[in-house]
Amino acid sequence: MITLGIETSCDETAAALVRDGREVLADVVSTQIDIHRRWGGVVPELASRNHVVQVMPVIDEAFSRAKLTLDDVSQIAVTSGPGLQGALLVGLEVGKAIAAARGLPFVGVNHLEGHLLAARLMPEPPSAPFLGLVVSGGHTTLYDVPALGTYVKLGTTRDDAAGEAYDKVAKVLGLPYPGGLPIDQLAQKGDPKAIAFPRALPQRDVLDWSFSGLKTAVSLHVKEHGVPEGQALADLCASFQEAVADALTKKLQLAVKKHRAKSVVLCGGVAANSRLRALAKERVDEEGARLYLPSIALCTDNGAMIAVAGHEALARGLRSDLALDADPNWRL
Ligand code: KG4
Ligand code: ZN
């Protein structure tokens, strides 16, 4: 049973072919980062236009890498939200057109469910129940997942998403967009104790986060001392990164304890972060639970995670109507 997964919710045009919701036969991602970089962030109209240019070549490339044709596909899964309306529509319309032309089952997938279920592609995948923390450019949300398809929100950010904080801090420091990877690389050469940045941890018992205060603290530091260079820049990045990873994992650890969780999934673009990966492992281990960390390619946006989430939804009997519209604010 082969699922074609298509993802165009933001600035990555992606398509994947996945067998039985487990085996990735091809996973092609065409990033628009270079197009948006000069504007310092994603420009929605440019994103949509470039998805239009890229979507068919990316799908063709997936078939050629997997040495398959459309005749081999059993079902179609496409991200239908949340994300940028115009960007979502491109992948969605292509997916619907293929489903209609071929008479194939089709389902719209929530991008966040895709991130969570990327862990199902690990060699030893988690099964429900598990706790899942999605940390991406647009979201920082913790879910209790008692069964696949059921997502109970336990906590979220009260302001900026963790990835958004990375991208904004990078801008202040004059680093390229998106800021996650360049800050991560610099941080690895810096001293995380150099600057004591605040950790906003809304009430001890609440599983929420806040990152706007941290972002402001970095801006104030730069206003006062200027944009650092060399070792001082590495130290600032390390101190910022430590504050983000510490806040994320402290609440994650609290959640594991509170919910007596045995399995934890950490996913989304920020889950590619080296310090977050290490600290999450340490703190989840401390609770005697097991942390499932998808590979970096499966953490950032990709089509395979959409194919898997679609496969699971279709297996549960879910089908989307071909009249399905994009839902930019779809809450999981
Ligand atoms: O999940 P994703 O690819 O797209 C969204 O759904 O938003 O996440 C993108 C976010 C960006 O904010 C980017 O800066 C961040 O993930 N990111 C990282 C790293 N790699 C990507 N943040 C911290 N450390 C990284 N190594
Ligand atoms: Zn994403």
Side-chain angles (χ1 to χ4, degrees), residues 5-14 16 27 29-33 36-37 40-42 44 47 51 79-84 87-88 91 109-119 132-141 156-157 160-173 175-190 192 211 214-215 218 237-238 240-249 265-280 293-306 308-309 328-330 332:
I6 304 173
E7 153 67 40
T8 63
S9 68
C10 190
D11 59 348
E12 251 90 40
T13 318
D27 188 11
V29 180
S30 163
T31 182
Q32 304 178 359
I33 283 176
H36 299 290
R37 184 165 280 156
V42 178
H51 284 309
T79 308
S80 57
L84 302 168
L88 286 163
V109 170
N110 185 297
H111 183 82
L112 302 179
E113 183 178 21
H115 274 305
L116 286 165
L117 297 201
L133 176 57
V134 187
V135 259
S136 69
H139 297 87
T140 299
T141 308
T156 191
T157 178
D160 292 353
E164 201 178 340
Y166 263 93
D167 297 339
K168 287 178 177 169
V169 163
K171 206 172 205 173
V172 168
L173 297 175
L175 297 171
Y177 174 87
L181 187 57
I183 291 183
D184 192 359
Q185 286 167 340
L186 282 162
Q188 290 176 41
K189 294 178 241 151
F211 293 103
L214 172 60
K215 174 194 69 190
V218 175
C237 288
F240 164 75
Q241 177 145 300
E242 192 63 22
V244 175
D246 183 34
L248 284 171
T249 53
V265 169
L266 181 61
C267 58
V270 182
N273 185 262
S274 61
R275 182 59 184 145
L276 177 60
R277 291 173 87 87
L279 201 54
L293 262 174
S295 67
I296 288 174
L298 285 174
C299 282
T300 48
D301 287 350
N302 63 85
M305 68 186 199
I306 302 306
V308 177
N329 303 310
W330 186 6
L332 184 61

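We count residues from 1, following the sequence as given. We count ligands from 1, going down the list as the structure has it; atoms in each ligand are counted the same way.
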Note to self: side chain to side chain donor-acceptor pair (under 3.5 Å) for D184 and Q241? Distances and angles first, verdict last.
What the structure shows: CA-CA 7 Å; D184 192 359; Q241 177 145 300; 3.1 Å; yes
Next item on the list: Start with the C-alpha distance between F240 and L173, add both sets of side-chain angles, then the distance that settles side chain to side chain contact (heavy atoms under 4.5 Å, CB included), and finish with yes or no.
Entry: CA-CA 12 Å; F240 164 75; L173 297 175; over 6 Å; no
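Near H115, the atoms of ligand 1 lying under 4.0 angstrom from a non-hydrogen atom of the residue are 1 (O), 6 (O). Those atoms of ligand 1 that come under 4.0 Å of a heavy atom in G138, given as number and element, are 7 (O). Interface atoms of ligand 1 facing T300, defined by a heavy-atom separation under 4.0 Å, are 3 (O). Counting the atoms of ligand 1 from 1 in the order shown, those under 4.0 Å from a heavy atom of D167 are 11 (C), 12 (O), 13 (C), 14 (O). Atoms of ligand 1 lying under 4.0 Å from any heavy atom of H111, numbered from 1 in the order shown and given with element: 6 (O). Atoms of ligand 1 found under 4.0 Å from any heavy atom of G163, numbered from 1 in the order shown, are 12 (O).
Contacts with ligand 1 closer than 4.0 Å are made by no heavy atom of H139, backbone or side chain. If you look at E12 next to ligand 1, there are no close heavy atoms at all, none under 4.0 Å.
Judged as a ring-ring contact (aromatic ring centres under 6.0 Å, His included), and not counting sequence neighbours, the contacts of H115 are H111. In this structure, the side chain to side chain donor-acceptor pair (under 3.5 Å) partners of E164, at least two apart in sequence or on a different chain, are K168. For R277, the side chain to side chain donor-acceptor pair (under 3.5 Å) test picks out no residue, with sequence neighbours left out.
By the 4.0 Å heavy-atom criterion, C10 is excluded from the residues contacting ligand 1. A heavy-atom separation below 4.0 Å is not found between Q241 and ligand 1.
In terms of N/O distances under 3.5 Å, ligand 1 is not approached by Y166. Considering both main-chain and side-chain atoms, G180 comes within under 3.5 Å of ligand 1 through a nitrogen or oxygen pair. Here's the thing with G137: one of its N/O atoms is less than 3.5 angstrom from an N/O atom of ligand 1.
Counting only non-hydrogen atoms, the option in D301, N302, N273 that gets closest to atom 3 (O) of ligand 1 is D301.
No donor-acceptor pair closer than 3.5 Å links the side chain of H139 to the backbone N or O of T157. A donor-acceptor pair is defined here as one N or O able to donate and one able to accept, closer than 3.5 Å; such a pair exists between the side chain of Q32 and the backbone of A47. Checking side-chain atoms of T156 against main-chain N and O of T140 turns up a donor-acceptor pair under 3.5 Å.
For atom 15 (C) of ligand 1, the closest non-hydrogen atom on the protein side is V270 CG2, 3.9 Å. Taking atom 17 (N) of ligand 1 as the reference point, the nearest protein heavy-atom neighbour is G269 O, 3.5 Å. Looking only at protein heavy atoms, the nearest one to atom 26 (N) of ligand 1 is D184 OD2, 3.0 Å.
Across V308 and L117, no two heavy atoms sit closer than the pair CG1-O, 3.7 Å. In terms of heavy atoms, L88 sits closest to S9 at CD2-CB, 3.5 Å. A14 and G303 get closest at one heavy-atom pair: CB-N, 3.5 Å.
Side-chain contact between Y177 and V42: present, with at least one pair of heavy atoms (C-beta onward) separated by less than 4.5 Å.
When the options T8, D11, T13 are evaluated for a side-chain hydrogen bond (donor to acceptor under 3.5 Å, both in side chains) with H51, the one that passes is T13.
Remark: E12 CD to N302 CG distance equals 9.0 Å, nearest 0.5 Å.
Listed by chain and residue number, the protein N/O/S atoms under 2.8 Å of the Zn ion (ligand 2) are H111 NE2, H115 NE2, D301 OD1, with waters left out.
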